[in-house]
Amino acid sequence: GKMLDKADEITFGDVKRRDALRTIASRAHGCPVDGQGRVNLPDNLLRFAGITNEAVLVGNFNEFEIWSPKQWESEEGLQNLLEAAKEVGL
């Protein structure tokens, strides 16, 4: 995908862009889906996202993101990711 292409372009000496890419990639996680199509998120991700008993699924092209309703409404957690994405040209 586009992110992998951009990651390949970053040189070892481009510390700022490498750090930005690490910020983005470190927050991505794969989670298995059970036989009924449910996603069981690990407790550490639920705590990190502030999800207790409700979640918001946000479409992102061929993927989706899972947010707590409060975080999604405020988009406070989004600014660092947007800045990092801009830094690596996404």
Side-chain angles (χ1 to χ4, degrees):
K2 185 175 181 179
M3 182 179 269
L4 292 177
D5 293 340
K6 292 291 184 181
D8 287 342
E9 295 172 6
I10 297 174
T11 64
F12 183 76
D14 196 346
V15 176
K16 187 173 181 180
R17 289 183 72 201
R18 279 192 11 235
D19 288 348
L21 190 61
R22 187 179 309 111
T23 298
I24 295 169
S26 69
R27 296 176 186 209
H29 295 274
C31 294
V33 177
D34 71 12
Q36 294 182 350
R38 297 175 295 192
V39 176
N40 187 13
L41 298 176
D43 289 340
N44 64 323
L45 291 181
L46 292 171
R47 278 191 304 277
F48 176 78
I51 296 172
T52 54
N53 60 349
E54 292 184 341
V56 176
L57 299 179
V58 180
N60 189 8
F61 299 104
N62 63 344
E63 302 170 339
F64 65 90
E65 299 171 349
I66 304 172
W67 289 67
S68 75
K70 183 178 179 181
Q71 281 293 105
W72 178 248
E73 287 175 14
S74 69
E75 295 184 357
E76 288 178 13
L78 192 57
Q79 283 306 314
N80 287 340
L81 290 176
L82 290 175
E83 291 170 14
K86 181 179 176 184
E87 183 64 35
V88 296
L90 296 176

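Trp72 is listed as a side-chain neighbour of Val58, based on a closest heavy-atom distance under 4.5 Å.
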Which atom pairs, one a donor and one an acceptor, fall under 3.5 Å between side chains of residues 43-57 and the rest of the protein, sequence neighbours left out?
none

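The side-chain contact (heavy atoms from CB on, under 4.5 Å) check on Asp34 picks up Gln36, Arg38, with sequence neighbours excluded.
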